[in-house]
Participant: 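Here it is: the structure, laid out below.
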Protein chains: 4
Amino acid sequence: MAKPADKAEAILAAALELFVERGFHGTAVPLVAEKAGVSAGTLYHYFESKEALVNVLYRKWKAAIAQRVFDGFPADKPPREQFRTVWQRMAEFALAHPREFAFLELHYHGAYLDQESNAMEAHLLEFAAAMIKKAQAEQALKQQPHEVLLAFSNGAFIGLFRASVEGRVELTMELLMAAEQCCWEAIRA
Amino acid sequence: MAKPADKAEAILAAALELFVERGFHGTAVPLVAEKAGVSAGTLYHYFESKEALVNVLYRKWKAAIAQRVFDGFPADKPPREQFRTVWQRMAEFALAHPREFAFLELHYHGAYLDQESNAMEAHLLEFAAAMIKKAQAEQALKQQPHEVLLAFSNGAFIGLFRASVEGRVELTMELLMAAEQCCWEAIRA
Amino acid sequence: MAKPADKAEAILAAALELFVERGFHGTAVPLVAEKAGVSAGTLYHYFESKEALVNVLYRKWKAAIAQRVFDGFPADKPPREQFRTVWQRMAEFALAHPREFAFLELHYHGAYLDQESNAMEAHLLEFAAAMIKKAQAEQALKQQPHEVLLAFSNGAFIGLFRASVEGRVELTMELLMAAEQCCWEAIRA
Amino acid sequence: MAKPADKAEAILAAALELFVERGFHGTAVPLVAEKAGVSAGTLYHYFESKEALVNVLYRKWKAAIAQRVFDGFPADKPPREQFRTVWQRMAEFALAHPREFAFLELHYHGAYLDQESNAMEAHLLEFAAAMIKKAQAEQALKQQPHEVLLAFSNGAFIGLFRASVEGRVELTMELLMAAEQCCWEAIRA
DNA sequence: CATGAATGAGTTTTCATTCAT
DNA sequence: TATGAATGAAAACTCATTCAT
């Protein structure tokens, strides 16, 4: 028999796929269990509820993306390089894990995210905000509110990703890095 | 008693609000009816099904935004001005109808949009693409694939809007027009 | 505008067709109204309820078949001729009004027939029973309980009709009269 | 707790009774569940839909009657004896399982029977037709189309059964075998 | 008389969750 | 641990009937 952890992983993988396709409310728990190859009872053995499941899933991949993007962040490099690094790492993640990225960023996670999930998201945003504020202090970025520069850049990235999901653009690393240059030109001082 | 059209309108308004808050699958039909002040049976008198309702709603506001943005489009003006005009009109729409814009752009409308709705969206994208291609021919924009420039700009706008919905930015016309300048700097040749 | 009677007739005709195809419970009143070219309200102007409608329909055609079969019944003719006459008249009716006959005889009219309808049916059966008893008294028919001879003959006729409805037999007058001879051989003394 | 099969059986038994009394469309699913002593959800655990349920029920008893009537069919006996055997076995079945027989033969199963059910019925009719054709080839039966002889006999049997259900005749084996003799006289050469 | 929008109870069906095994 | 049958509340949807116009 598989190790317990494998079952939880199988459930998370199945849930991810279904939530991306059909949304949280549009996905039935027994369907998740079936796709994961376990019984509904087993799913509830590993996750307290459907909400708990979606929150674990959300945090798992938010943490993954955070680690991928911010671990070993080049705090001592110039803003131009920092921005490129962050954008490139997000691109690597999105290209390597498109479903996970779609789950995190293409869906409106309304009322079912719990405090812990929201706190994690807030923490990430704060980190990014700090980076931007530092670059603004160095006169490297425009003097817009830092939230605006963040929302703009993030939105642009997600816009490209969405176009790829919807089949209008074929994303490649080259294309994304060209877009990085565009975005830099938008926000640089 | 209210005119029939008023009931359909009341249902559409109620559905909009609830779909924005809780998503399509997360919203129960009787709840929509109650909020609209009609019975569930009446809702089905006006709309064939929950899916039909969401599609009518989607097309209604997609058409509204299209009209607002593209009616009397300044085809003979230079690209810079055209871009500003389109961005400004979208901003006006998004500020005047934030819920409607959120419904259209912040939610992932997966499987429930029908052919007609998808065709309308495709038509809009084609119009925008034509505008971009013309500007590219005039060497006013970067020579990226036009879909990329579109997805980037659109994404950036939506990113700002989302930040506003989530309370991280307070959108104003000034702020949005400053962002417009940023975006232009990102895509101009 | 059509005469009132015409509307009631149109409703009865529409109801007949739909009840034959989908049964009483499987047929929605608004559908009957639509098929009749009137509004639901109008239908209820002419018929108190769906049950009242089906009962009126039932009695209308039971009376029609009774009249067709038993009016001017040749009471003074020999049983052989009486039987042929009755069978032939039923055949004429069934061939001329297959839908009506199907409604009356192919459907199980369970709980929705009212007392008046049941009384009419009982009256008809009594008439037929009297005919059979008289023929038995003349030693023309077998000495089975008269109900048995009646049920047998009636069942045989309906069996042929059902085979026609289900497309297994093409009913013609000739075929039905040949069957009449068969049936006579079954029940004659 | 009862074995799973028992629940499915209980549901089938409850459905049979209610469908006979009120017809398919006149019977609500929760009523079936309640009569079977299970919840509505459980019913849907065993049967995909109300239609699936009625089809399983139909095939179950069609198969039962087919086995009862045609298993070990005396193919080498003379037609007279074959006919008596078939009629007698049908009689035994109808007397032993009047509700089941009524469900199969007294109700008009219009649009809800699926292909598999219709195919099973067609197969049965073919078997009976073959028997009749063979007897016709031996000059034992009248030279009517074999479908006519079949529809006639079948109809006569069902007519008697219906009279019994409606309380006009009390069916016994003796009475049914007397009717068998009648029917033979109707169809023999 | 005629309409058809409106109703709300009823229909079929789904689904998050539990629990006996 | 693991199962999956079982549940019952709630979902989407239908329909007989009414009533303001």
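Lettering of chains follows the sequences in order, A, B, ..., and the numbering in each one begins at 1. Model, not experiment: these values are computed from the prediction.
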Participant: Without decimals, in angstroms, what is the distance between C:Glu34 CD and E:dT3 P?
Facilitator: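 My rounded result for the distance is 13 Å.
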
Participant: Take the protein atom CG of D:Leu43 and the nucleotide atom C1' of F:dA9, then report the distance between them rounded to whole Å.
Facilitator: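 Taking CG of D:Leu43 and C1' of F:dA9, I get 17 Å after rounding.
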
Participant: Applying a 3.5 Å limit to both distances, which nucleotide forms a Watson-Crick or G-U wobble pair with E:dT21?
Facilitator: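 By the stated definition (distances under 3.5 Å), F:dA2 pairs with E:dT21.
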
Participant: Between D:Gly37 and C:Leu31, name the one whose nearest nucleotide on DNA chain F is closer to the 5' end.
Facilitator: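 By nearest-heavy-atom nucleotide position, the 5'-most residue is D:Gly37.
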
Participant: In whole angstrom, what separates A:Phe47's CZ from E:dA16's P?
Facilitator: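 It is 15 Å, rounded to the nearest whole Å.
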
Participant: Given that B:Val29 and D:Ala40 both sit by DNA chain F, which one's nearest nucleotide is further toward the 5' end?
Facilitator: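 In this pair, the answer is D:Ala40.
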
Participant: Under 4.0 Å between a side-chain N or O of C:Lys7 and OP1 or OP2 of E:dC1?
Facilitator: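 Looking at the OP1 and OP2 atoms of E:dC1, neither is under 4.0 Å from any side-chain N or O of C:Lys7.
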
Participant: Do the side-chain N and O atoms of B:Ser117 and B:Arg59 include a donor-acceptor pair separated by under 3.5 angstrom?
Facilitator: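 Their side chains do contain a donor-acceptor pair, which is all the 3.5 Å distance test asks for.
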
Participant: Whole Å only: how far is the CD atom of B:Glu48 from the C1' atom of F:dA12?
Facilitator: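 Computing the B:Glu48:CD to F:dA12:C1' distance gives 14 Å.
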
Participant: Picking from E:dT12, E:dA16, F:dA6, which would you name as closest to the side chain of D:Tyr46?
Facilitator: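 Given the options E:dT12, E:dA16, F:dA6, the side chain of D:Tyr46 is closest to F:dA6.
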
Participant: Kindly point out which of F:dC13, F:dA2, F:dA11 is positioned nearest to the side chain of B:Ala28?
Facilitator: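 Among the listed nucleotides, the one closest to the side chain of B:Ala28 is F:dA11.
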
Participant: I'd like to know if the side chain of D:His109 reaches the main chain of D:Phe103, judged simply by a donor and an acceptor atom lying under 3.5 Å from each other, with no hydrogens or angles considered.
Facilitator: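 Yes: the side chain of D:His109 pairs with the backbone of D:Phe103.
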
Participant: Provide the Watson-Crick or G-U wobble partner of F:dC15, both distances under 3.5 Å; none if there is no partner.
Facilitator: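 Checking every strand shown, F:dC15 finds its partner in E:dG8, with both distances under 3.5 Å.
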
Participant: Separation of D:Glu51 atom CD from E:dT13 atom P, in whole Å?
Facilitator: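 Going from CD in D:Glu51 over to P in E:dT13 covers 8 Å.
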
Participant: Check whether any side-chain N or O of D:Asp114 sits under 3.5 Å from a backbone N or O of D:Ala52 as a donor-acceptor pair, and report yes or no.
Facilitator: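 Looks like no, no N/O pair under 3.5 Å.
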
Participant: Provide, to the nearest angstrom, the distance between the OH atom belonging to D:Tyr112 and the P atom belonging to E:dT11.
Facilitator: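 In whole Å, E:dT11 P and D:Tyr112 OH are 18 Å from each other.
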
Participant: Within less than 4.0 Å of OP1 or OP2 of E:dT7, is there a side-chain N or O belonging to B:Thr42?
Facilitator: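 Yes, within the criterion.
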
Participant: A:Phe24 CZ to E:dA16 P: how many Å, rounded?
Facilitator: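 Taking atom P of E:dA16 as the reference, CZ of A:Phe24 is at 8 Å.
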
Participant: Less than 4.0 angstrom between a side-chain N/O of A:Ser39 and OP1 or OP2 of F:dG4, yes or no?
Facilitator: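 Result: no.
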
Participant: Identify which nucleotide among E:dT12, E:dT17, F:dC13 has an atom closest to any side-chain atom of A:Tyr44, counting heavy atoms from C-beta outward.
Facilitator: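 Side chain of A:Tyr44 sits closest to E:dT17.
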
Participant: Over all strands shown, is D:His45 touching base, sugar-phosphate only, or nothing at heavy-atom distances under 4.0 angstrom?
Facilitator: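 Base contact.
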
Participant: CG of B:Asp6 versus P of E:dA5: gap in Å, rounded?
Facilitator: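 For the pair B:Asp6 CG and E:dA5 P, the rounded distance is 14 Å.
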
Participant: Of the listed nucleotides (F:dA16, F:dA2, E:dA16), which one gets closest to any side-chain atom of C:Lys50?
Facilitator: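 Comparing F:dA16, F:dA2, E:dA16 against the side chain of C:Lys50, the answer is F:dA16.
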
Participant: Is it possible for you to check whether A:Lys50 lies under 6.0 Å from the centre of the six-membered ring of A:Phe24, through NZ or CZ, and within 45° of that ring's axis?
Facilitator: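 Ring-cation test returns yes.
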
Participant: Using a 4.0 Å heavy-atom cut-off across all strands, classify B:Pro30 as base, sugar-phosphate, or nothing.
Facilitator: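 Here B:Pro30 touches the backbone only, sparing every base.
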
Participant: Considering only side-chain heavy atoms of A:Val38, which listed nucleotide, F:dT3, E:dT17, F:dC13, is closest?
Facilitator: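 Comparing F:dT3, E:dT17, F:dC13 against the side chain of A:Val38, the answer is F:dT3.
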
Participant: Taking only Lys NZ, Arg NE, NH1 and NH2, and the carboxylate oxygens of Asp or Glu, determine whether A:Lys60 and A:Glu9 approach each other closer than 4.0 Å.
Facilitator: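 The answer is yes: the pair qualifies as a salt bridge.
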
Participant: Look only at the side chain of B:Thr27 and the backbone of B:Gly23, and say whether a donor-acceptor pair between them is shorter than 3.5 Å.
Facilitator: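 Flag set: sc B:Thr27 to bb B:Gly23 pair under 3.5 Å.
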
